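Along the sequence shown, residues carry numbers from 1. Read the numbers this way: they start at 1 and go in the same order the structure lists the ligands and their atoms. In this text, all values refer to a predicted model and were calculated from it rather than measured experimentally.
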Amino acid sequence: MVGAGQLARMTQQAAIGLGVELTVLAESESDPAVLAGARCRLGSPDSLEALRGLARQCDVITFDHEGVEPGHLEALQAEGFEVGPPAAAKLLAQDKLHARRTLSELGVPVPVFAAATTIEEIEQFAAEHGWPVVAKAPRGGYDGRGVWMLQDRRQAVEVVDSAAGGSLLLEPMLDIEREIAVIVARSASGETVVYPVVETVQRDAMCREIIAPAPVGKGLADKAIQLAGRLAERIGSTGVMAVELFVTPDRLIVNELALRPHNSGHYSIEGCVTSQFEQHLRAVLGLPLGPTELTAPAVVTVNVVGTEAGEPSGRLAQALTVPGAHVHLYGKSSRPGRKLGHVTVCGTEPGPTREAARAAADALEGLTP
Ligand SMILES: Nc1ncnc2c1ncn2[C@@H]1O[C@H](COP(=O)(O)OP(=O)(O)O)[C@@H](O)[C@H]1O
Ligand SMILES: [Mg+2]
């Protein structure tokens with residue numbers, strides 16, 4: 001696995017059960033997956049030599065993040081190494097502009113969009129669709145970093161300057177009723193399974209809560225599930241893919257794809273028969289896939305995000321007074337706004353389940369006295 005963050009760490013937990021040996025390409029020996037016992041190779045994901053060294057040691061190369069040079073993945077494939085997901089599919093998660101273009105060609109509903117490099121092009125877009133304009137860096141963004149809600153020309157000038165000649169993806173500010181996500185897993189042999197639809201709740205453009213099942217009608221849920229399954233087949237993904245969707249008053253729209261285990265699937269560790277991390281390993285290794293049903297009527301995950309109160313581990317005892325709270329801390333140093341862990345609670349009613357997960361996460365964040 002390229003990268004050794006929390007996704008690799010939780011993949012390592014699943015690898016232990018399967019007896020699969022996970023090797024991670026880590027930037028540091030204190031990365032979360034290395035601390036969890038994954039076999040470690042130190043190196044940069046920007047280095048083709050480091051990627052090749054990892055590939056020589058493994059049956060298949062997979063990812064904990066999107067930050068790998070697409071050309072390097074093409075090169076590894078050309079050299080005969082197995083990359084899962086394949087480079088062309090992975091690019092749909094690495095480049096938001098490429099994804100918008102490809103998905104709209106495939107007839108998948110996406111937001112109205114345009115590419116821009118100049119302030120004039122942004123003003124033109126605003127004249128057609130109004131302010132605010134949502135501008136996104138096509139590559140390298142996550143947790144709302146690389147997404148700007150531009151209120152006016154002055155803010156647009158700042159973003160164009162910071163993009164230094166690179167393209168921006170422009171979209172209108174959408175009227176979003178709800179954000180939902182679906183995890184789909186496709187194995188190297190072509191078998192596909194889809195997880196239940198979840199609601200993701202964002203604060204400051206960062207995912208904070210995941211609610212399973214999403215409180216949406218069966219018609220909408222079925223539509224999202226079919227869309228995710230078809231998409232995985234069309235693009236030939238292998239492993240787990242998360243499809244982030246916007247529910248607007250009149251349409252269901254695809255926002256982003258992530259071709260790796262994803263925050264919106266963390267609930268599946270306790271909340272589904274097969275966790276997304278185990279499923280990802282099974283899928284990229286061409287093993288049979290597991291059932292995706294929920295293990296409880298209501299499952300809620302709340303992220304633990306860094307606050308001024310510092311390291312959450314000192315408040316573990318307080319969080320564990322919440323009955324049924326499954327705490328996951330990633331072993332990362334605390335910084336305000338950084339994802340440091342999550343809590344999942346499996347229950348019978350959505351309301352109390354969410355309250356319990358929040359109570360434990362609040363305790364870890366130091367928000368309760
Ligand atoms: N066009 C849009 N209109 C309104 N809100 C948006 C739009 N695009 C993104 N957002 C909000 O910003 C969040 C992050 O945007 P996203 O494109 O998913 O970037 P990231 O890679 O940071 O997750 C979304 O989950 C949504 O809450
Ligand atoms: Mg997103």
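The N, O or S atom of E244 lying closest to the Mg ion (ligand 2) is OE1. Here the N, O or S atom of E256 that is nearest to the Mg ion (ligand 2) is OE1.
Closest approach of V2 to P45, counting heavy atoms only: CG1-CB, 3.8 Å.
For ligand 1, the atoms closer than 4.0 angstrom to any heavy atom of K96 are 16 (P), 17 (O), 19 (O), 20 (P), 21 (O). Near M173, meaning under 4.0 Å from any of its heavy atoms, are these atoms of ligand 1: 3 (N), 4 (C). Counting atoms of ligand 1 from 1 in the listed order, those under 4.0 Å from a heavy atom of E244 are 18 (O). Numbered from 1 in the order shown, with element, the atoms of ligand 1 that lie under 4.0 Å from a heavy atom of P172 read 1 (N), 2 (C), 3 (N). Taking every heavy atom of D143 and a limit of under 4.0 angstrom, the matching atoms of ligand 1 come to 22 (O). For ligand 1 and E179, the ligand atoms under 4.0 Å from any heavy atom of the residue are 24 (C), 25 (O), 26 (C), 27 (O). Per-residue contacts place Q202 under 4.0 angstrom from the following atoms of ligand 1 (heavy atoms of the residue considered): 25 (O), 27 (O). Contact atoms of ligand 1 toward V147: 15 (O), 19 (O) (distance under 4.0 Å to a heavy atom of the residue).
Rounding to the nearest 0.5 Å places CD1 of I122 at 5.5 Å from CG of L168. Interatomic distance, NE2 of H328 versus OG1 of T301, reported as 7.5 Å (0.5 Å rounding). With rounding to the nearest 0.5 Å, the separation of CG in L150 from CG in L170 is 8.0 Å.
Residue contact annotation: M206 has no non-hydrogen atom under 4.0 Å from ligand 1. The shortest heavy-atom distance from C207 to ligand 1 is not under 4.0 Å. Within the 4.0 Å heavy-atom cutoff, P111 does not count among the residues contacting ligand 1.
Between I176 and ligand 1, no pair of N/O atoms sits closer than 3.5 Å. Checked by distance only, ligand 1 and R145 stay at 3.5 Å or farther apart across all their nitrogen or oxygen atoms. Taking distance alone, with nitrogen or oxygen atoms compared against 3.5 Å, L174 approaches ligand 1 more closely than that limit.
For R315 (side chain) and A309 (main-chain N/O), a donor-acceptor pair under 3.5 Å exists by modelled atom type. The main-chain N or O of A33 is never found under 3.5 Å from a side-chain atom of R9 such that the two would form a donor-acceptor pair. Between the side chain of Q276 and the backbone N or O of S268, no donor-acceptor pair lies under 3.5 Å. With hydrogens and angles ignored, the 3.5 Å screen pairs a side-chain donor or acceptor of S162 with a backbone N or O of V159.
Here the options are R338, R208, K339, the test is salt bridge (charged side-chain N to carboxylate O under 4.0 Å, His left out), and the partner is E365; only R208 passes.
Contact annotation: the side chain of I119 approaches that of R153 to within less than 4.5 Å [non-hydrogen atoms, C-beta and beyond]. Residues F81 and R52 form a side-chain contact, since some pair of their non-hydrogen atoms from C-beta on lies under 4.5 Å apart. Contact check for V184 versus T192: side-chain heavy atoms found under the 4.5 Å cut-off.
Protein heavy atom nearest atom 20 (P) of ligand 1, with residue, atom name and distance: E256 OE1, 3.4 Å. The protein heavy-atom contact nearest to atom 11 (C) of ligand 1 is M149 CE, 4.0 Å. Of the protein's non-hydrogen atoms, A205 O, 3.7 Å is the one closest to atom 14 (C) of ligand 1. Of all protein heavy atoms, the one closest to atom 22 (O) of ligand 1 is G144 N, 2.6 Å. The nearest heavy-atom contact from the protein to atom 8 (N) of ligand 1 is K136 NZ, 3.0 Å.
Aromatic ring centres of H266 and F277 lie closer together than 6.0 Å.
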